[in-house]
Amino acid sequence: MSTPYDQDIEELLALYRRQREEAAETRRRINEVTGTATAPRQAVKVTVGAQGDVTAIEFPTGAYRRMAPKELADALLATIREARAEALEKVAELTSLALPPGVKVADLLRGEVDPAAILPDDPAMPDTVRDYIDNGLPEGAARRT
């Protein structure tokens, strides 16, 4: 025998499953993100992954040979920062629709926002389900057997 809450509960479970699948797909797409930047005069080219890890460093031309060590180091660091910013922007584009208003993915990734703070203490649900959770079955309602 069913209760008046069965349909609401099934809808919540279906929503949860869809959100879980969407989260897995978003994670897969994030893992594929790269950011690439090239320094002026093509002295150095850097590619990073979604987490900002350097995955490739190239020297497309011989321009680096004419640079002082400090100049080359500065160019390399600036190019890494630029590639990371590009990767972060791509990740933000993938995830911005899934975040609450006012929450930026870049702030989450930099650790400036506590993920627990943006999620409600109680999940969203129809009032009938909330009442059932808080108070149980109404007096005289049929129980499932």
Side-chain angles (χ1 to χ4, degrees), residues 2-138 141 143-144:
S2 65
T3 69
Y5 309 107
D6 288 345
Q7 181 178 352
D8 288 335
I9 292 170
E10 287 302 317
E11 288 173 6
L12 286 172
L13 288 172
L15 175 62
Y16 170 77
R17 289 182 190 110
R18 279 193 310 276
Q19 288 174 335
R20 186 176 163 95
E21 289 170 9
E22 290 171 6
E25 175 63 15
T26 299
R27 179 77 239 160
R28 184 193 63 73
R29 292 174 64 198
I30 287 171
N31 286 340
E32 294 175 353
V33 165
T34 61
T36 301
T38 303
R41 301 182 317 186
Q42 295 189 344
V44 63
K45 179 179 176 183
V46 175
T47 302
V48 301
Q51 290 77 29
D53 299 334
V54 176
T55 59
I57 298 175
E58 301 171 43
F59 298 94
T61 67
Y64 71 94
R65 290 185 187 116
R66 295 180 297 280
M67 299 173 80
K70 170 101 171 87
E71 182 185 11
L72 179 57
D74 290 345
L76 184 57
L77 290 173
T79 306
I80 290 171
R81 280 191 296 275
E82 188 179 331
R84 285 181 174 160
E86 179 184 303
L88 182 60
E89 183 61 35
K90 288 178 181 179
V91 170
E93 288 172 13
L94 288 174
T95 59
S96 62
L97 297 178
L99 293 174
V103 177
K104 297 177 183 169
V105 72
D107 294 341
L108 279 171
L109 294 174
R110 285 191 294 261
E112 296 173 3
V113 174
D114 178 7
I118 63 174
L119 298 172
D121 289 336
D122 294 316
M125 63 184 72
D127 292 339
T128 53
V129 174
R130 171 70 58 212
D131 187 51
Y132 173 70
I133 289 171
D134 292 344
N135 304 309
L137 282 174
R143 288 195 179 271
R144 257 190 170 172

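From a predicted model like this one, the values you see are computed outputs, not experimental measurements.
With sequence neighbours left out, R41 forms a side chain to side chain donor-acceptor pair (under 3.5 Å) with no residue at all. Among residues two or more places apart in sequence or in another chain, the side chain to side chain contact (heavy atoms under 4.5 Å, CB included) test is passed with L72 by F59, Y64, M67. Every residue was checked against the ring-ring contact (aromatic ring centres under 6.0 Å, His included) condition with Y16, not counting sequence neighbours, and none meets it. T61 meets the side chain to side chain contact (heavy atoms under 4.5 Å, CB included) test with Q42, A63; sequence neighbours excluded. Every residue two or more places apart in sequence or in another chain that forms a side chain to side chain contact (heavy atoms under 4.5 Å, CB included) with E25 is listed here: R28, R29.
Listed by first then second residue, pairs satisfying ring pair (Phe, Tyr, Trp, His ring centres under 6.0 Å) with a partner in residues 22-45 number zero, not counting sequence neighbours. Residue pairs satisfying the side-chain hydrogen bond (donor to acceptor under 3.5 Å, both in side chains) criterion with at least one member in residues 65-89, sequence neighbours excluded, are listed as follows: K70-D74, E86-K90.
Heavy-atom contacts from other residues, nucleotides or ligands closer than 6.0 Å to CG of N31 number more than 12.
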Side-chain donor-acceptor distances from residues 44-58 under 3.5 Å, at least two apart:
unit_1: T47; atom_1: OG1; unit_2: T36; atom_2: OG1; d: 3.2
unit_1: T55; atom_1: OG1; unit_2: T47; atom_2: O; d: 3.1

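Nearest heavy atom pair, residue V33 against residue A87, reads CG1-O, 3.7 Å.
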